[in-house]
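Just so we're on the same page: letters track the sequence lines, and every chain starts at 1.
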Protein chains: 2
Amino acid sequence: MNTPAPVRLLLCDDHAVVRAGLHALLSSADGIEVVGEAGSGEEALALAARVRPDVVLMDLQLGDGMDGVTAIGKLTADGGPRVLVLTMFDTDADITRAVEAGATGYLLKAERPEELFTAIHSAASGRTALSAPVADCLMARMRNPHPTLSEREQEILGQLARGLGNRDIARALFISEATVKTHLGRIYGKLGVETRAGAVSVAKERRLLS
Amino acid sequence: MNTPAPVRLLLCDDHAVVRAGLHALLSSADGIEVVGEAGSGEEALALAARVRPDVVLMDLQLGDGMDGVTAIGKLTADGGPRVLVLTMFDTDADITRAVEAGATGYLLKAERPEELFTAIHSAASGRTALSAPVADCLMARMRNPHPTLSEREQEILGQLARGLGNRDIARALFISEATVKTHLGRIYGKLGVETRAGAVSVAKERRLLS
DNA sequence: TGGCGCATCAACCGATCGGCTGACATCCGG
DNA sequence: CCGGATGTCAGCCGATCGGTTGATGCGCCA
């Protein structure tokens, strides 16, 4: 009985303790070999180019520097490794962005560790790996599509969260005040709120803002 | 040369993967024995009563159910174990609340794992253990005291984040609209903003709201 | 070529907000 | 016992917001 080659895994998480924990946990798992640790998106890219892992296990929240989604895009661009997202949030926006960027799987840190092991092997062979709540979220989204904010609307929202008035938002984005009001009205509709404060609140909760 | 008794440690984190990682990491460390894992504040209390750990390593963000700060309070109430907070955020509000509730130490997950080991031993012998950024934060706070929101102001802020107007906030809290406006004015001053949207934004960032 | 989504702008109006001044009660600690 | 922090309330005013209707231009795709 021949042992298959272990999955070569690269860890990427900005929290050193969590990273070390994952390293310790996964090193003891069969068929998995941790070949590197990165604490940022930049580091992950550099390391991946050098050690050529089969799978990158990546958190989406990477603190300062390169965004997690950006890192996924660059990693998977030219026949790179599979990327398995391991993160804390099962938010619509996060999942969508990660999958669009090229993630092979999406797991939650709340999942049982066994799920993580099998997901890593799935990802290594190119199969999609979603944890149950994430799959639920995707199905729910397809049945009851949450309206998506356009790019411009997100910019408006960003200025809104800075506490700016309509006039200042208009100046900041080089448009007229009337346009700002139009956008805001649509944003309220899409987020299901009626005031600017409510919009900011929902936006922060759904993680629609950096 | 006699080996000192190992520190009996209880883990509490709502993310199973992180928990398992910490378990794997700490089990391999000298002088530490992990005697239990809890995924919620309630579980931590029950387990602590049974296994009598020396130290509880606890995350502040525990998802639904009991709040992390509440759990610390109950754990340390009657000569219980030392509690060492291990969390992701070095926010003023989080640190203050945890320390007031009785935490012996406060570490960040971004810290190096070695810091974690020494902090656990420090906590076991009753010494305070703060990671550098947390200590910085406390010092900065003492030099340049951020004004604290009163309890009532936090309630107002909570309603504000729901997108309510002044009249509705007044009704929700059984006070007059004028009072709401007074509170809001003070909140703006303390948070350094000028609008409700700005207040909600800052509040969410400083984690002043659940 | 004709929709469709998106972004842009205008004018209007009532409701709301934010700032201001001033006031009174309570509670707590020096 | 007095000051300070806190919570409560009032009235006034200009500025801002939110809703509405209606319109134009652009790119995309069937």
Side-chain angles (χ1 to χ4, degrees), chain A residues 92-93 96-97 100 141-142 144-204 208-209, chain B residues 92-93 96-97 100 141-142 144-204 208-209:
Chain A
D92 257 24
T96 306
R97 283 199 283 256
E100 279 174 356
R141 138 99 79 146
M142 290 174 64
N144 197 17
H146 261 275
T148 313
L149 289 188
S150 77
E151 208 166 319
R152 201 53 164 164
E153 285 161 351
Q154 294 185 41
E155 295 183 71
I156 302 270
L157 202 49
Q159 302 303 315
L160 184 58
R162 293 176 51 200
L164 299 186
N166 289 343
R167 187 178 309 141
D168 304 300
I169 298 178
R171 273 203 269 265
L173 300 182
F174 306 106
I175 55 181
S176 95
E177 207 174 325
T179 306
V180 173
K181 291 176 67 172
T182 306
H183 282 305
L184 277 179
R186 276 198 283 265
I187 291 175
Y188 295 157
K190 290 186 180 178
L191 298 188
V193 300
E194 308 174 297
T195 66
R196 357 184 95 221
V200 171
S201 187
V202 170
K204 295 259 179 185
L208 299 173
L209 299 171
Chain B
D92 257 24
T96 306
R97 283 199 282 256
E100 280 174 357
R141 138 97 79 145
M142 291 176 63
N144 197 18
H146 262 276
T148 313
L149 288 188
S150 77
E151 207 166 318
R152 201 55 164 163
E153 285 161 351
Q154 294 185 40
E155 295 182 71
I156 302 270
L157 203 48
Q159 303 303 316
L160 184 59
R162 295 176 49 199
L164 299 187
N166 289 343
R167 187 177 308 138
D168 303 301
I169 298 178
R171 273 204 269 264
L173 301 182
F174 306 105
I175 55 182
S176 96
E177 207 174 326
T179 306
V180 174
K181 292 176 67 172
T182 306
H183 282 305
L184 278 179
R186 277 198 283 264
I187 291 174
Y188 296 157
K190 290 186 180 180
L191 298 188
V193 300
E194 309 174 295
T195 67
R196 357 185 96 220
V200 171
S201 187
V202 170
K204 295 259 179 185
L208 299 173
L209 301 171

Hey, does [Y] have a side-chain heavy atom less than 4.5 Å from the side chain of [X]?
X	Y	result
B:Gln159	B:Asp168	no
A:Gln154	A:Glu151	no
B:Ser201	A:Lys204	yes
A:Leu173	A:Arg152	yes
B:Ile175	B:Thr182	no
B:Thr148	B:Thr96	no
B:Arg196	B:Leu184	yes

How many whole angstroms separate atom [atom1] of [X] from atom [atom2] of [N]?
X	N	atom1	atom2	result
A:Leu184	D:dC17	CG	C1'	9 Å
A:Asp168	D:dT16	CG	C1'	11 Å
B:Glu194	D:dC17	CD	C1'	16 Å
B:Leu164	C:dA15	CG	C1'	16 Å
B:Arg171	C:dT16	CZ	C1'	14 Å
B:Arg167	C:dG18	CZ	P	14 Å

Extract from the structure each pairing of a protein N or O with an N or O of nucleotides 5-14 of chain C at less than 3.5 Å, listing the distance.
from, atom 1, to, atom 2, distance (Å)
C:dA7, OP1, A:Ser150, OG, 2.9
C:dA7, OP1, A:Arg152, N, 3.2
C:dA7, OP2, A:Ser150, OG, 2.5
C:dT8, OP1, A:Arg152, NE, 3.0
C:dT8, OP1, A:Arg152, NH2, 2.9
C:dT8, OP2, A:Arg152, NE, 3.1
C:dT8, OP2, A:His183, NE2, 2.8
C:dC9, OP2, A:Ser176, N, 2.5
C:dC9, OP2, A:Thr179, OG1, 3.0
C:dC9, O5', A:Thr179, OG1, 3.4
C:dC9, N4, A:Thr182, OG1, 3.1

Query raised in the report: Roughly how far, to the nearest 0.5 Å, is the CZ atom of A:Arg141 from the CG atom of A:Asp92?
Result: 4.0 Å
Report task. May I ask you to say what B:Gly185 touches in the nucleic acid, namely base, sugar-phosphate or nothing, with a heavy-atom cut-off under 4.0 Å? Result -> nothing
Requested in this report: Please name the pair of heavy atoms, one in B:Leu209 and one in B:Ala161, separated by the smallest distance, quoted to 0.1 Å.
Outcome: CD1-CB, 3.8 Å
**Report entry** A:Asn166 side-chain N/O to D:dT16 phosphate OP1/OP2 under 4.0 Å
**Finding:** no
Query - Axial bend angle, the helix from C:dT1-D:dA30 to C:dG30-D:dC1: five-pair end segments, nearest 10° - result: 50°
**Report entry** Proximal nucleotide (of D:dG18, C:dT16, C:dG18) relative to the A:Tyr188 side chain
**Finding:** D:dG18
